[in-house]
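Down below is the structure, laid out as structure tokens.
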Amino acid sequence: MPELPEVETVRRNLEATVLGRTIQSVRLSGKKLRDPISRNLGTRIRNRRIESVSRHGKFLLIDLDEDQTLISHLGMSGRWLFYDEPPGPLPHVHVRIAFADGTELWFQDPRRFGLLRLVSTSRRSRDPALSKLGPDPIATPLRGNWLFERARGARVAIKSYLLDQSRVAGIGNIYASEILHRAGVSPRRPAGALTAREWDAVADEIARVLGEAIDRMGTTFSMYRTLWNEPGTYGDQLLVYDRAGEPCRRCGGTIRRIVQSQRSTFYCPRCQSLRRRRPALSIARGQSGA
DNA sequence: ATCCTATCCTGTAGGC
DNA sequence: TGCCTACAGGATAGGA
């Protein structure tokens with residue numbers, strides 16, 4: 001569910017809401033997420049003040065005072081929810097953080113693929129979850145040539161390559177398809193076979209698609225919500241994702257769904273040709289020979 | 001090193 | 001209506 005734009009939206013929401021607040025009490029569900037939540041998490045973050053909220057790729061980093069950082073990943077179905085007045089019990093709420101003024105911050109995650117881990121702020125970037133991440137494309141705008149050089153020799157399909165968080169951090173299954181469609185690159189091309197020009201187009205579209213999605217508070221396909229339980233509106237802008245069989249908005253061709261690395265990929269075979277453009281001569285010769 | 005597969009978990013949509 | 005299966009925006013360990 002949540003990719004970079006959704007996580008950035010939540011980060012901004014958290015920054016606007018809980019920055020400077022001091023945690024008064026914590027309640028845990030006791031259920032394990034991707035990893036078990038530390039049993040003493042509550043005692044370790046009680047009385048800590050929230051100093052900053054940052055993000056790398058899909059990871060949120062909530063820095064507290066006393067050299068503590070809460071690392072959070074939303075997985076497929078995680079949500080942070082803020083309440084001025086907390087409602088009655090909700091299912092799948094694994095952490096409830098209460099502040100002194102009665103407001104609360106909840107972490108809800110039905111599928112429990114999310115992550116919550118407390119680490120030392122000074123050593124946070126050495127955490128195994130963060131240490132292997134590639135650059136965050138919002139913090140560090142990517143250059144086509146840098147991507148081109150780095151992908152040299154990679155035989156994996158460009159779609160799967162963009163999902164690899166150690167290459168670029170933050171792109172997920174929806175935006176990978178959208179980015180490649182706008183760049184006019186077939187998702188089936190080997191990453192190492194893209195030309196420098198094509199990487200320029202991919203780099204431009206990474207910045208443009210992610211930026212516009214942040215402006216619209218992300219894409220709500222089903223689970224994702226902002227901190228105030230509102231849907232994002234980038235879903236209106238999707239050109240290929242979940243549109244199999246429908247007409248391409250650019251060329252009128254039919255959007256196709258394929259499976260790559262066991263994930264759905266959507267693309268327009270006409271706009272996103274598998275072959276690089278060939279000289280007109282070879283086409284003419286093929287016709288005359290028929 | 002690279003690449004692929006299976007796995008963790010619940011909710012939901014679609015077929016019958 | 002209800003039952004069953006397939007699938008869903010994620011990362012990661014382990015094997016080829």
Side-chain angles (χ1 to χ4, degrees), chain A residues 1-10 29-37 55-60 71-80 90-94 107-117 127-134 136 150-181 187-193 209-210 213-214 216-226 231-245 257-267:
Chain A
M1 169 198 11
E3 308 180 27
L4 187 153
E6 291 74 35
V7 180
E8 174 61 15
T9 300
V10 173
S29 70
K31 293 212 172 150
K32 88 182 243 309
L33 304 181
R34 189 201 307 174
D35 298 326
I37 298 176
R55 180 191 56 74
H56 189 147
K58 303 172 194 172
F59 287 86
L60 277 172
I71 298 176
S72 160
H73 193 293
L74 302 176
M76 290 280 233
S77 59
R79 291 176 183 169
W80 282 104
L90 294 178
H92 309 302
V93 172
H94 300 107
F107 185 76
Q108 182 185 41
D109 185 6
R111 287 179 74 180
R112 294 196 266 136
F113 291 164
L115 174 78
L116 275 178
R117 182 186 295 160
D127 186 273
L130 302 177
S131 63
K132 300 179 212 97
L133 292 178
D136 181 279
R150 231 169 107 75
R152 188 157 283 171
R155 282 172 304 192
V156 68
I158 177 64
K159 158 62 164 31
S160 300
Y161 189 91
L162 290 180
L163 291 183
D164 182 345
Q165 303 297 297
S166 72
R167 302 296 186 169
V168 177
I171 298 171
N173 209 38
I174 291 179
Y175 296 112
S177 284
E178 295 298 316
I179 287 162
L180 289 173
H181 177 70
R188 301 167 63 192
R189 297 269 304 285
V209 169
L210 298 182
I214 291 169
R216 290 168 188 269
M217 301 189 301
T219 303
T220 293
F221 187 70
S222 64
M223 277 298 299
Y224 158 75
R225 292 290 189 286
T226 70
T233 60
Y234 192 77
D236 301 343
Q237 309 297 312
L238 297 178
L239 297 181
V240 289
Y241 186 81
D242 203 31
R243 298 193 63 238
R257 173 185 178 270
I258 60 174
V259 175
Q260 297 179 291
S261 307
Q262 292 157 213
R263 321 277 319 266
S264 292
T265 299
F266 298 89
Y267 74 113

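Within every chain, numbering begins at 1; the chains are lettered A, B, ... in the order of the sequence lines, protein sequences first and strands thereafter.
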Atom NE2 of A:H73 and atom P of C:dT12 are separated, to the nearest Å, by 8 Å
Distance test, side-chain N/O of A:Q165 to OP1/OP2 of C:dG10, below 4.0 Å: no
Among B:dC3, B:dT5, C:dA8, the one nearest any side-chain atom of A:S264 is C:dA8
Atom NE2 of A:H92 and atom P of B:dG11 are separated, to the nearest Å, by 3 Å
A:R111 has its side chain closest, among B:dG11, C:dT12, C:dA8, to C:dA8
Of the listed B:dC4, B:dG11, C:dA11, the closest approach to the A:V156 side chain comes from B:dC4
Test of ring centre spacing under 6.0 Å for A:Y267 and A:H181 = no
Side-chain atoms of A:Q262 come closest, of B:dG11, B:dT2, B:dA6, to B:dA6
Taking a pair to mean Watson-Crick or G-U wobble geometry with both distances below 3.5 Å, B:dC9 pairs with none
Here the distance between atom P of C:dG10 and atom CG of A:L74, to the nearest Å, is 11 Å
Practice problem: On the 0 to 90° scale, with breaks at 30° and 60°, tag the A:Y234-A:Y175 ring pair as parallel, tilted or perpendicular. | Solution: tilted
Whole-Å distance, A:D109 CG to B:dC9 P, equals 12 Å
Which of C:dA11, C:dT12, B:dT10 is nearest the side chain of A:A129? It is C:dT12
- Query: C:dG10 phosphate, OP1 or OP2: any side-chain N/O from A:K58 under 4.0 angstrom?
  - Reply: yes
Testing B:dC8, B:dC3, C:dA8 for proximity to the side chain of A:M76, the answer is C:dA8
*Does A:L4 reach the side chain of A:I214, with side-chain heavy atoms less than 4.5 Å apart?*
yes
From CG of A:D127 across to C1' of C:dA11 the rounded distance in Å is 13 Å
Assert: residue with more 5' nearest nucleotide on DNA chain C, out of A:G172 and A:K132, is A:G172
Should A:R263 be listed as having a side-chain N or O under 4.0 Å from OP1 or OP2 of C:dG10?
yes
Does the side-chain ring of A:F113 sit on the six-membered ring of the B:dC9 base, less than 5.5 Å centre to centre and under 30° in tilt? no
Testing C:dA11, B:dC3, C:dA8 for proximity to the side chain of A:A154, the answer is B:dC3
In whole angstroms, the gap separating P of B:dT10 from CE of A:M223 amounts to 13 Å
Side-chain atoms of A:R112 come closest, of B:dC9, C:dG10, C:dT12, to B:dC9
Of the listed B:dC4, B:dT10, C:dA8, the closest approach to the A:Y241 side chain comes from C:dA8
Note to self: More than 12 heavy atoms of other residues, nucleotides or ligands under 6.0 Å from CZ of A:R150: yes or no?
What the structure shows: yes
A:H56 atom NE2 is separated from C:dA11 atom P, nearest whole Å, by 12 Å
A:I37 CD1 to B:dC8 P, in whole Å, measures 19 Å
| Any side-chain heavy atom of A:R263 sitting closer than 4.5 Å to one from A:L163? | yes
Under 4.0 Å between a side-chain N or O of A:R155 and OP1 or OP2 of B:dC4? no
**Side chains of A:R112 and A:H94 in contact at under 4.5 Å (non-hydrogen atoms)** = yes
Using Watson-Crick geometry (N1-N3 plus N6-O4 or O6-N4) or G-U wobble (N1-O2, O6-N3), each under 3.5 Å, B:dA1 is paired with none
